Q: 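The structure's right below; bear with me while I get my questions together.
Note that the structure is predicted; figures quoted are calculated from it, not measured.
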Amino acid sequence: MRDQRAAERDRRKKVAAMISRNAYKTLRVVGRGTIKIDPREVAASEEFKQARKLAREIVNAQ
């Protein structure tokens, strides 16, 4: 239970940081706890490209 609360708190902090630094131009808060971001913009981000590369390495590890 504590781990879940800590994880949720971390997610909230991460989203708040994205909003405050305008990480994505298409990011919109559309409801209570709901945000929308253009997936093409996310896929083009350097952070996403690095995460995709890491995921590929993990999946292809033998």
Q: Can you name the closest pair of heavy atoms from Asp38 and Thr26 and give their distance?
A: N-OG1, 3.0 Å
Q: Calculate, to the nearest 0.5 Å, the distance between atoms CD and NZ belonging to Glu8 and Lys13 respectively.
A: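 So the CD of Glu8 and the NZ of Lys13 are separated by 12.0 Å.
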Q: Say you draw a straight line from NZ of Lys53 to CZ of Arg56; how long is it, rounded to the nearest 0.5 Å?
A: 9.0 Å
Q: With heavy-atom distances below 4.5 Å as the criterion, would you say the side chains of Arg11 and Lys14 are in contact?
A: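 Answer no - side chains too far apart.
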Q: Step through the shown structure and confirm whether more than 12 heavy atoms of other residues, nucleotides or ligands are within 6.0 Å of CD on Glu47.
A: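 Counting other residues, nucleotides and ligands, CD of Glu47 stays at 12 neighbours or fewer.
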